[in-house]
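Single-structure report; data block below.
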Amino acid sequence: MHFADGASTKCLDVLPDQLPTCSDLNTSAFLRRAILAENPHLIVFTGDNIFGFDSSDSGRSLNAAFAPAIEAKLPWAVVLGNHDQEGTLSREGVMRHVVGMEGTLSEMNPTVVDVRDEIDGFGNYNLEVGGVEGSVFENKSVMNLYFLDSGDYSTVDSVSGYGWIKPSQQYWFQITSRQLQKAYKSKPQPQKESAPGLAFFHIPLPEYASFDSSNFTGVKQEAGISSASVNSGFFSAMLEAGDVKAVFTGHDHLNDFCGELTGINLCYGGGFGYHAYGKAGWARRARVVLATLEKTEKGEWGAVKSIRTWKRLDDEHLTTIDQQVLWIKKSTS
């Protein structure tokens, strides 16, 4: 969202006739419209939630940025980007402020078993999506959401550019994924496949550069992919774990594509905020993700059978574009 000081923070890269009246308030208005249109069960903010450089008070900016989600009384979750901490709060301070806010499911960091050192970053956590009450899946997580702090900028003197997901975070992800998969495949109602997982972080992986116009849905209209200049191996970690079906990132405002690479969909959320670089005449946008449950032979709600996505444009009609299927369950059990 790149939120700063509200009405006094003007828009970037909009049409000339929009400039006099456009501000952070347009970002809030878009969020409210999107919430009304989709009535989501969860809202995920994928970093650069505020633009610290232009925020006079980071806490106040965070409160205003997430206000539409709180007003709607919807649960919401956050990962940090590379600009959130550039104001009056440190990176840790931003996340501490977020986890104390109303309605958020965000967490500072997990309690990691078998990890001696503290996990890198702030905002590494997972959320389990429980099955329908009264069904055989009531006490199982039918979908797992992983949130990771991809950092801001490189902390290695010999490496320039953006940050990346560190080994401690990868290890946490691996043991968490393994535990969740074991539980899902155990009694009661043991499943043959793993429950699908979705991962959320801000800075795209180097593997996002694997696509061209023939094998993704959406647009790629930046000079490149603004990933870290080193490959930390997190894509390989997800591939080996086997449960993550899609990754959602922010960071590149003019890329909004989604493409599949060896069974994992790599997706951008799409440029959302108005006080962020964009493209005049190219509507701000938000990605929507829908998980659909299957019906069992007894007519009860069962496991997740498919995951789909599309984008909403902030135009007159909140136009829906680029509908696609990310994953379909292969078998019933």
Side-chain angles (χ1 to χ4, degrees), residues 1-14 18-36 40 42-109 121-125 127 147-153 162-163 200-203 249-251 253 269-278 284-287 314:
M1 291 187 290
H2 275 238
F3 207 95
D5 285 341
S8 63
T9 301
K10 298 303 180 183
C11 297
L12 301 177
D13 296 328
V14 295
Q18 295 176 286
L19 281 171
T21 58
C22 190
S23 71
D24 274 341
L25 300 186
N26 290 64
T27 302
S28 299
F30 179 25
L31 181 52
R32 289 189 177 97
R33 294 180 73 209
I35 288 171
L36 287 172
L42 174 69
I43 304 171
V44 178
F45 298 94
T46 52
D48 286 358
N49 309 290
I50 63 172
F51 190 61
F53 280 132
D54 289 346
S55 167
S56 58
D57 183 318
S58 292
R60 190 167 57 198
S61 295
L62 289 164
N63 293 343
F66 301 126
I70 296 171
E71 291 164 5
K73 301 188 183 304
L74 292 170
W76 51 282
V78 169
V79 292
L80 299 184
N82 52 293
H83 292 305
D84 288 291
Q85 78 292 338
E86 294 169 340
T88 59
L89 290 174
S90 66
R91 196 168 185 82
E92 180 179 1
V94 168
M95 204 63 198
R96 287 198 182 281
H97 185 95
V98 167
V99 299
M101 295 179 70
E102 181 183 346
T104 189
L105 301 180
S106 308
E107 298 176 18
M108 272 294 290
N109 272 327
F122 303 99
N124 302 284
Y125 58 102
L127 297 176
F147 302 84
L148 296 105
D149 180 3
S150 53
D152 47 14
Y153 302 97
Y162 294 109
F200 302 86
F201 45 91
H202 182 71
I203 299 173
T249 63
H251 201 50
H253 307 181
F272 187 92
Y274 279 86
H275 184 59
Y277 78 83
R284 264 56 174 187
R285 56 207 56 219
R287 183 172 293 280
D314 191 21

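Scanning both residues, Asn26 and Thr21, for their nearest heavy atoms gives OD1-O, 3.8 Å. Contact record, Ala64 with Phe3: CB-CE2, 3.5 Å, taken as the closest heavy-atom pair. The nearest pair of heavy atoms linking Asp5 to Ser55 is OD1-CA, 3.7 Å. Between Leu127 and Ala77, the shortest heavy-atom distance links the atoms CD1-CB, 4.3 Å. Pairing each heavy atom of Phe147 with each of Val79, the nearest pair is CB-CG1, 3.7 Å. Of all heavy-atom pairs between Pro68 and Ile35, the closest is O-CD1, 3.8 Å.
Put simply, the side chain of Ser61 gets close to the backbone of Asp57: a donor and an acceptor are under 3.5 Å apart. Under the 3.5 Å distance criterion, the side-chain polar atoms of Asp48 are matched with a main-chain donor or acceptor of Asn82. With hydrogens and angles ignored, the 3.5 Å screen pairs a side-chain donor or acceptor of Trp76 with a backbone N or O of Glu102. Arg284 places no side-chain N or O within 3.5 Å of a backbone atom of Gly271 that could act as its donor or acceptor partner.
Judged by distance alone, the side chains of His202 and Asp152 never bring a donor and an acceptor atom under 3.5 Å apart.
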Are Thr46 and Phe272 close enough, and set up right, to give a side chain to side chain contact (heavy atoms under 4.5 Å, CB included), and what steps lead you there? CA-CA 10 Å; Thr46 52; Phe272 187 92; over 6 Å; no
Assess whether side chain to side chain contact (heavy atoms under 4.5 Å, CB included) is satisfied between Ser106 and Val99, documenting all intermediate values. CA-CA 6 Å; Ser106 308; Val99 299; 4.2 Å; yes
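Residues passing the side-chain contact (heavy atoms from CB on, under 4.5 Å) test with Leu19 are Val14, sequence neighbours excluded. In terms of the salt bridge (Lys or Arg N to Asp or Glu O under 4.0 Å) criterion, residue partners of Arg91 (sequence neighbours excluded) are, by chain and number, Asp149. Taking the salt bridge (Lys or Arg N to Asp or Glu O under 4.0 Å) definition, one finds that Arg285 meets it with Asp256, sequence neighbours left out.
Separation of atoms OH (Tyr125) and CG (Leu105) is listed at 7.5 Å; rounding is to 0.5 Å. To the nearest 0.5 Å, the span separating CZ on Phe122 from CD on Gln85 amounts to 10.5 Å. Between the CD1 atom in Ile70 and the CD1 atom in Ile43 there is a gap of 10.0 Å [rounded to 0.5 Å]. Summarising the geometry, atom OG belonging to Ser150 is positioned 9.5 Å from atom CG belonging to Asn124; distances are rounded to the nearest 0.5 Å. Atom CE of Met95 sits about 9.5 Å away from atom CG of Asp84, to the nearest 0.5 Å. Atoms CG and OG1, on Asn49 and Thr27 in that order, are 12.0 Å from each other to the nearest 0.5 Å.
Put simply, the residue from His83, His253, His251 that forms a ring-ring contact (aromatic ring centres under 6.0 Å, His included) with Tyr277 is His253. With His2 as the fixed residue, the ring-ring contact (aromatic ring centres under 6.0 Å, His included) test singles out one of Phe45, Phe51, Tyr274: Phe51.
At least one side-chain heavy atom of Phe66 sits less than 4.5 Å from a side-chain heavy atom of Met1.
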